Amino acid sequence: MLCALGPSGSGKSTLLRCINHLEPVDSGLVYLEGQLVGYRQIGGKLYELSEREICQKRAEIGIVFQQFNLFPHMTVLQNLIEAPMLVKGESRSAATQRALVLLERVGLANKADSYPRTLSGGQQQRVAIARALAMEPKVMLFDEPTSALDPELVGEVLGVMRDLAGSGMTMIVVTHEVGFAREVADIVVFIDKGMVVEKGPPQEVLDNPRQERTRDFLARVL
């Protein structure tokens, strides 16, 4: 797992959106398992993929936002099975079977028939994680998934993310939860003004940062 830290407006969320090609990149390239994301390279030139092709690639990259973005008119179960059926062409029975397993995994097996408005913020975010996992992504992106939650609800979402990290899921997490980054991350990067200022194992970046800007940031948030 890679955790990205940095002040608001530093470019952390934009980085995630570039990985998922929700934002076009100005320079550089994004690869997923050796394949370009968002573009095709022909004769040394880049050509942006069609929206249909981009959507196919996005299906391999799960993303969880600050806000839960659940469909309010659908039940929890319906939220989970909609994309696998429409995007991947799965049968309702296959999508439902996977969705129920995922709801069990995030501790919400008894909420399949509930509507999002009846759930707490922490429960809605766990549903959002399960919905992203329902597409069987190769990588999961998290954009400050606990920032919109009341403090007492943060732990239940971080617990699901710890479980994912422990299962070997490739994850990039933008977060202000420094303790979570120290505990779970393999690599921590500190981003400021659109640049990676410092990166390395959490014990180096968080406990013994080399850069003055990193030290200043940590002194403010710890």
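It should be emphasised that the depicted structure is a prediction, and the values quoted were computed from it without experimental measurement. One is the number of the first residue; the rest follow in order along the sequence. Excluded from the calculations below are hydrogen atoms, water molecules and symmetry mates; all remaining heavy atoms, backbone and side chain alike, are included.
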Engineer: I need the D113 CG to Q78 CD distance, nearest 0.5 Å.
Structural biologist: 8.5 Å
Engineer: Nearest 0.5 angstrom please: Q41 CD to Q35 CD, how far?
Structural biologist: 13.0 Å
Engineer: Should V188 and V178 be marked as a side-chain contact (heavy atoms from CB on, under 4.5 Å) after you check the CA-CA gap, both sets of side-chain angles, and the distance that decides it?
Structural biologist: CA-CA 10 Å; V188 172; V178 177; over 6 Å; no
Engineer: Is I19 close to V37 at the side-chain level, that is, under 4.5 Å between some pair of heavy atoms?
Structural biologist: no
Engineer: Take L29 and L46, measure what side-chain contact (heavy atoms from CB on, under 4.5 Å) needs, and give me the verdict at the end.
Structural biologist: CA-CA 10 Å; L29 301 171; L46 293 177; 3.3 Å; yes
Engineer: If two hydrophobic side chains count as joined below 4.5 Å and joins carry through other members, does I81 share a cluster with V106?
Structural biologist: no
Engineer: Taking all non-hydrogen atoms of both residues, which atom of G155 and which atom of R162 are closest, and how far apart?
Structural biologist: O-NH1, 4.5 Å
Engineer: If you link I, L, V, M, F, W and Y whenever their side-chain heavy atoms are under 4.5 Å apart, who else ends up in the same group as V101?
Structural biologist: none
Engineer: Can you name the closest pair of heavy atoms from D207 and Q203 and give their distance?
Structural biologist: CB-O, 3.1 Å
Engineer: Taking the side chain as C-beta and beyond, is there a heavy-atom pair between P24 and Y39 under 4.5 Å?
Structural biologist: yes
Engineer: Does any part of the side chain of M140, heavy atoms only, come nearer than 4.5 Å to the side chain of V64, both counted from C-beta?
Structural biologist: yes
Engineer: Donor-acceptor pair, R215 side chain versus R210 backbone, under 3.5 Å?
Structural biologist: yes
Engineer: Start with the C-alpha distance between V127 and F68, add both sets of side-chain angles, then the distance that settles side-chain contact (heavy atoms from CB on, under 4.5 Å), and finish with yes or no.
Structural biologist: CA-CA 8 Å; V127 172; F68 322 120; over 6 Å; no
Engineer: Closest heavy-atom contact between R126 and G107?
Structural biologist: NH1-O, 3.8 Å
Engineer: Ignoring hydrogens, what is the shortest heavy-atom contact between S147 and Q66? Give both atom names and the distance.
Structural biologist: OG-OE1, 3.3 Å
Engineer: Under a 4.5 Å side-chain heavy-atom rule over Ile, Leu, Val, Met, Phe, Trp and Tyr, are M161 and F65 clustered together?
Structural biologist: no
Engineer: Give a yes or no on whether a salt bridge exists between D143 and R17, defined as a side-chain N under 4.0 angstrom from a carboxylate O.
Structural biologist: no
Engineer: Taking C-beta and beyond as the side chain, do L206 and L218 meet within less than 4.5 Å on heavy atoms?
Structural biologist: yes
Engineer: Say you draw a straight line from CG of L108 to CG of L100; how long is it, rounded to the nearest 0.5 Å?
Structural biologist: 12.0 Å
Engineer: Measuring from atom CG of L158 to atom CD of E177, what distance do you get when rounded to the nearest 0.5 angstrom?
Structural biologist: 5.5 Å
Engineer: CD of E204 to CD1 of I187: how many Å apart, nearest 0.5 Å?
Structural biologist: 8.5 Å
Engineer: Using side-chain contact (heavy atoms from CB on, under 4.5 Å), reason through V205 and L5 one step at a time and then give a plain yes or no.
Structural biologist: CA-CA 10 Å; V205 176; L5 307 176; 5.8 Å; no
Engineer: Using every non-hydrogen atom in the two residues, find where M169 and P137 come nearest and quote the distance to one decimal.
Structural biologist: CE-O, 4.1 Å
Engineer: Considering only residues two or more places apart or on different chains, which pairs with a residue in residues 184-195 satisfy side chain to side chain donor-acceptor pair (under 3.5 Å)?
Structural biologist: D192-R213
Engineer: Indicate the atoms forming the closest heavy-atom contact of K12 with P7, along with that distance.
Structural biologist: NZ-O, 3.0 Å
Engineer: Just so I know, are the side chains of E136 and K88 near enough to count as touching, which here means a heavy-atom distance under 4.5 Å?
Structural biologist: yes
Engineer: Okay, side chain of E198, backbone of Q211: is any donor-acceptor separation there less than 3.5 Å?
Structural biologist: yes
Engineer: Quick check on the hydrophobic clustering: are V87 and I63 connected, directly or via other members, by side-chain heavy-atom contacts under 4.5 Å?
Structural biologist: no
Engineer: For the pair R92 (side chain) and M85 (backbone), establish whether a donor and an acceptor sit closer than 3.5 Å, ignoring hydrogens and angles.
Structural biologist: no
Engineer: Determine whether M135 and L32 fall in the same hydrophobic cluster, where Ile, Leu, Val, Met, Phe, Trp and Tyr are linked whenever their side-chain heavy atoms lie under 4.5 Å apart.
Structural biologist: no
Engineer: With a sphere of 6.0 Å drawn around CD of E23, does it hold more than 12 non-hydrogen atoms of other residues, nucleotides or ligands?
Structural biologist: yes
Engineer: Please determine which of R58, E48, K57 meets the side chain to side chain donor-acceptor pair (under 3.5 Å) test together with H21.
Structural biologist: E48
Engineer: Whether R131 engages the ring of F71 as a cation-pi pair (distance to the six-membered ring centre under 6.0 angstrom, angle to the ring normal within 45°) should be assessed.
Structural biologist: yes
Engineer: Would a 4.5 Å heavy-atom cut-off, applied to side chains only, mark L164 and M171 as touching?
Structural biologist: yes
Engineer: With distance as the sole test, does E156 use its side chain to make a donor-acceptor pair with the main-chain N or O of Q123 at under 3.5 Å?
Structural biologist: yes
Engineer: May I ask you to decide if A109's main-chain N or O and E104's side chain share a donor-acceptor pair within less than 3.5 Å?
Structural biologist: no
Engineer: Is there a path from L2 to L15 through hydrophobic residues (I, L, V, M, F, W, Y) whose side chains come within less than 4.5 Å of each other?
Structural biologist: yes
Engineer: Answer whether the closest heavy-atom distance between the side chains of I172 and V174 falls below 4.5 Å.
Structural biologist: no
Engineer: Are F217 and I191 packed together at the side-chain level, in the sense that at least one heavy-atom pair is separated by less than 4.5 angstrom?
Structural biologist: no
Engineer: So, the side chain of Q125 versus the backbone of T146: is there a donor-acceptor pair under 3.5 Å, distance only?
Structural biologist: no
Engineer: Could you give the distance from CZ (F142) to CE (M1), rounded to the nearest 0.5 Å?
Structural biologist: 7.5 Å
Engineer: Around atom CE of M195, are there more than 12 heavy atoms from other residues, nucleotides or ligands closer than 6.0 Å?
Structural biologist: no
